[in-house]
Amino acid sequence: MKGPELRYSTAERHPACLSTTPLQVQQPKPYPLSPTVNNDRYPILSLINQCNSTKQLKQVHAQMLHTGLFFYSFTAGKLITASALSPFSSLDYARQVFDQIPQPNLFTWNTLILFLQLLHHCEHFPDKFTFPFVIKAASELKAFWVGNAFHGMAIKGSLSSDVYILNSLVHFYGSCGDLDLAYAVFVKTLQKDVVSWNSMITDFAQGGCPGEALELFRGMEKENVKPNDVTMVGVLSNCTKKLDLEFGRWVYMYMKCGSFEDAKRLFDKMQDKDIFSWTTMLDGCAKLGEYDEARHVFDAMPRKDIAALNALISAFEQNGKPKEALAVFRELQLSKDAKPDEFTLVCALSASAKLGAMDLGRWIDVYIKKHGIKLNCHHTTSLIDMYAKCGDLEKALEVYYSVERKDVFVWSATIAGLAMHGHGRATLDLFSKMLEAKVKPNAVTFTNVLCACSHTGLVNEGQRLFYQMEPVYGVVPGEKHYACMVDMLGRSGLLQEAVKFIEKMPILPTASIWGALLGACRLHGNIELAGQACSRLLELDPRNHGAYVLLLNIYARTGKWDRVSGLRKNMRDFGLKKEPGCNSIEVNGIVHEFLVGDNSHKLSKEIYSKLDEITAKLKSVGYVPNKSYLLQLVEEEDMKEQALNLHSEKLAIAYGLISMGPSQPIRVVKNLRVYGDCHPVAKLKSGLYDREIILRDLYGFHHFRGGNCS
DNA sequence: TTAGGGTTAG
């Protein structure tokens, strides 16, 4: 909200404002233009410089409004500087210019306006205490020309060796994105203090030059400047924010056991570290995968607030550890010190979605309603995602219909929900509605839509959309989209088209693209092409277990036993092991996990006797295990698993049958693909026990009801 | 007087 009475409130209270006739004071000459900013790129700047009357300036002003240049802070800033500091200056006009700038930061603008008034009305030249303030204001506004002019004025006022002013300028040029100028000022600072180093390090870190930041970080050590918490927090949080993990890990190692007096100890020794520093440290450790260290930091925190808890929960949640995330959430639920806030709820919902923990998800939904928390788009998206991933598409759609505000995240989550439940047409319809609502789709939206087309055989529609992505919607197709297209063509049997598509792609094929082709070959039994795709896939991803197994199968089937033994040797050499199949089921808000042949559950005995009962029942209705699945599996482990009827999903379903009420649907989440005879068996079970069974695997949902699969 | 800083979704 902006209003004139607010905007000028500070300025109008200034005694100088009582004067009606502006004083004419000698103005400093404009500082020469920075050599790194090209005047040709902004011809308007030359025009501004050439003006020698307010009338001319007004003409330029009008032109800037017309072309939109007025709405860039540095061109607008230049206009303000020109109108306020030029020989024909008029502060009233500068104010008018200021008045037209949309949503200015009131405080910083007021600082500048006050400064300009000071220049107009005060007979003393601003001193070394004035400049850091106004340069800071210019930094916040990223008003290059304004700050640049201050730089010139400071030089003119013989203040250019003051370390405070120089440090401010380093920060200023950095925040305007001019690292060269920032560095030039930094180098010229003769008596650098820790703030000088920190400013420049931060400029580099935020300006996308982590290498230079690190170099400087080392430079501090050489110069015997002791880094402080600002150094550490700045460097570490910048690299984790950008997920520049290599850099982050480097810094982390440096901190942990590095040569420079051990920065970790520095952190431990810091006297005045506040909760921000602690949380940054915690977040940094967690994001770098040092969970034990993160937990350690968390436990050592003298005071923990909700943000610290959130940092821990979200770090677990986003690094494939949803179970650990929910464990922390449970601690929070039990503790009286802190209450979950909107961040916590979003993280916990997301973790519930990943685990298929619908009881907890529903609890959060109720919590939100009970506490009258107004849904924002983050909540809405997470709720839709949670219900969809827990298998309750109706509930997900209910949330979607219940909210008015829908951003691209909300739309994309709903589209993804429809897609994962196999509703291709509905996905496309929703996508059209999204366009009608004038919400611009992004890369993720397209991945979801293309995925739906691929899974439901809507090849023409998918292709049409894919080729519209860039020209119509301005979304450049990425690896995932190309992989979707390969999957779409391959799945529908157009294997040669898929190969041609890969050859013509403007990007180099990645492992996931060969993986998509491989999947299609498996589906359509094209052994020759599968062999080629496998080889390419293994070149790029030599540790891909699935590709090895498939290639082994191909060689075994075609009798190429020498190759089989060669591959087996490779696998042993690489120490490759299959990712263990794991199924989870949530009962009364607790997620139980089962591995193959698992007997660690406390009700293991009951589960296995239930399994026997199920097997007997299945036999009695004439079920015969399909041995053909065995032929597809070369690995002994898989054979054993299959032969012993101990697939982990079977254990999970058996547990569901003994522990849940007869009307409750059994929801099982599998970390891999549902395969073998588990699908037909689950179908039979849903009929025999009159239970709804919902199986989620890596690729989507299988709903079983009354002996049928949707 | 100057530098920095924590947690959220598809």
Side-chain angles (χ1 to χ4, degrees), chain A residues 126-136 139 159 162-172 174-175 182 186 189 192-203 205-206 227-238 240-241 273-284 286-287 297-298 301 304-318 338 340-351 353 375-386 388-389 396 406-417 419-420 441-448:
Chain A
D127 66 6
K128 63 174 186 170
F129 294 100
T130 324
F131 280 103
F133 286 115
V134 290
I135 296 171
K136 184 178 181 165
S139 305
L159 293 168
D162 180 82
V163 70
Y164 282 80
I165 296 181
L166 289 168
N167 290 347
S168 307
L169 283 168
V170 168
H171 170 62
F172 162 72
S175 52
F186 173 74
T189 309
K192 297 182 186 68
D193 60 7
V194 64
V195 177
S196 320
W197 290 92
N198 287 348
S199 306
M200 197 62 231
I201 286 175
T202 310
D203 285 350
Q206 293 183 338
N228 60 12
D229 54 344
V230 176
T231 326
M232 194 213 68
V233 167
V235 171
L236 192 64
S237 80
N238 270 315
T240 53
K241 202 177 280 169
K273 54 186 181 249
D274 55 14
I275 200 157
F276 286 84
S277 301
W278 278 101
T279 311
T280 308
M281 185 72 188
L282 158 68
D283 189 50
K287 286 213 171 85
V297 171
F298 180 77
M301 285 178 82
K304 306 166 183 46
D305 65 0
I306 188 66
L309 272 153
N310 289 344
L312 195 62
I313 295 175
S314 92
F316 280 135
E317 194 276 310
Q318 292 187 356
D341 67 2
E342 56 179 296
F343 287 78
T344 331
L345 298 176
V346 170
C347 290
L349 277 173
S350 190
L375 283 187
N376 63 25
C377 284
H378 281 272
H379 293 129
T380 311
T381 305
S382 307
L383 276 173
I384 292 172
D385 183 50
M386 182 276 295
K389 286 199 178 132
K406 299 181 182 80
D407 67 0
V408 64
F409 281 80
V410 174
W411 284 99
S412 300
T414 316
I415 285 173
M420 73 180 85
N442 64 18
V444 176
T445 325
F446 277 106
T447 308
N448 296 340

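Side chains included, hydrogens not; waters and symmetry mates left out as well; all remaining heavy atoms used. Everything numeric in this text was worked out from a predicted model, so none of it was measured.
Remark: C1' of B:dA9 and NZ of A:K389 are 10 Å apart, rounded to the nearest angstrom. Taking atom CG on A:L309 and atom C1' on B:dG6, their separation rounds to 12 Å, with Å as the unit. Taking atom CG of A:L375 as the reference point, atom P of B:dA9 lies 16 Å away to the nearest angstrom. Atom CZ in A:F172 sits about 14 Å away from atom P in B:dG4, given to the nearest Å. With rounding to whole Å, A:N376 atom CG is found 14 Å from B:dT7 atom C1'. Spacing between atom CZ of A:F133 and atom C1' of B:dT2 amounts to 9 Å, rounded to whole angstrom units. Counting to the nearest Å, the P atom of B:dT2 and the CG atom of A:D127 are 14 Å from each other. Distance, A:I201 CD1 to B:dG4 C1': 11 Å, rounded to whole Å.
Non-hydrogen atoms lying under 4.0 Å from DNA chain B are contributed by A:V408, A:F409, A:S412, all within residues 408-415 of chain A.
Within the 4.0 angstrom heavy-atom criterion, base atoms lie near A:F129. At a threshold of 4.0 angstrom between heavy atoms, the contacts of A:A308 include nucleobase atoms, whether or not backbone atoms are also involved. Heavy atoms of A:D162 sit nowhere under 4.0 angstrom from any nucleic acid atom. Within 4.0 Å (heavy atoms only), A:D203 reaches no atom of the nucleic acid at all. The residue A:T381 sits close to a base: some heavy atom pair falls under 4.0 Å.
Counting only heavy atoms from C-beta on, A:D385 has its side chain closest to B:dG10 among B:dT8, B:dG10, B:dT1. Closest to the side chain of A:S314, out of B:dA9, B:dT7, B:dG6, is B:dT7. Considering only the side chain of A:V346, B:dA9 comes nearest among B:dA9, B:dG4, B:dA3. Nearest nucleotide to the side chain of A:H171, out of B:dG6, B:dT7, B:dA3: B:dA3. Distances were taken from every side-chain heavy atom of A:Y164 (C-beta onward) to each of B:dG4, B:dG10, B:dT1; the shortest belongs to B:dT1. Of the candidates B:dG6, B:dA3, B:dT2, the closest approach to any side-chain atom of A:A307 belongs to B:dG6. You'll find that the side chain of A:Q318 is closest to B:dA9, out of B:dA9, B:dT7, B:dG10. You'll find that the side chain of A:V195 is closest to B:dA3, out of B:dA3, B:dG6, B:dA9. Across B:dT2, B:dT8, B:dG4, the shortest atom-to-atom separation from the side chain of A:N167 is found for B:dT2. Picking from B:dA3, B:dA9, B:dT8 the nucleotide with the shortest atom distance to the side chain of A:C347 gives B:dT8.
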Please report the C-alpha distance between A:N167 and A:S196 in whole Å, then the side-chain angles of each, then the deciding distance to 0.1 Å, and finally whether the side chain to side chain donor-acceptor pair (under 3.5 Å) criterion is met.
CA-CA 5 Å; A:N167 290 347; A:S196 320; 2.7 Å; yes
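Looking at residues two or more places apart in sequence or on another chain, you find no salt bridge (charged side-chain N to carboxylate O under 4.0 Å, His left out) involving A:D203. With sequence neighbours excluded, the residues satisfying side chain to side chain contact (heavy atoms under 4.5 Å, CB included) with A:N376 are A:E342, A:H378, A:H379. Residues forming a side chain to side chain contact (heavy atoms under 4.5 Å, CB included) with A:A351 (at least two apart in sequence, or on another chain): A:E317, A:P322, A:A325, A:L326. Listed by chain and residue number, A:F298, A:M301 satisfy the side chain to side chain contact (heavy atoms under 4.5 Å, CB included) test with A:K304 (two or more places apart in sequence, or in another chain).
Judged by distance alone with a 3.5 Å cut-off, a donor-acceptor contact links the side chain of A:N442 to the base of B:dG10. Taking only distance into account, the side chain of A:D305 meets the base of B:dG6 through a donor-acceptor pair shorter than 3.5 Å.
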Using a 3.5 Å cut-off and no angle test, enumerate the donor-acceptor pairs between side-chain atoms of residues 410-417 of chain A and protein atoms at least two apart in sequence or in another chain.
residue : atom : partner : partner atom : Å
A:S412  : OG   : A:V408  : O            : 2.7
A:S412  : OG   : A:T445  : OG1          : 3.0
A:T414  : OG1  : A:V410  : O            : 2.8

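Taking side-chain N and O atoms only, A:K304 has no distance below 4.0 Å to OP1 or OP2 of B:dG6.
Side-chain N or O atoms of A:K389 include none that pairs as donor or acceptor with a backbone N or O of A:M386 at under 3.5 Å.
Here the CG atom belonging to A:N448 is positioned 9.0 Å from the CG atom belonging to A:N442, to the nearest 0.5 angstrom.
Counting heavy atoms from C-beta outward, A:C377 and A:F409 have side chains that stay 4.5 Å or more apart.
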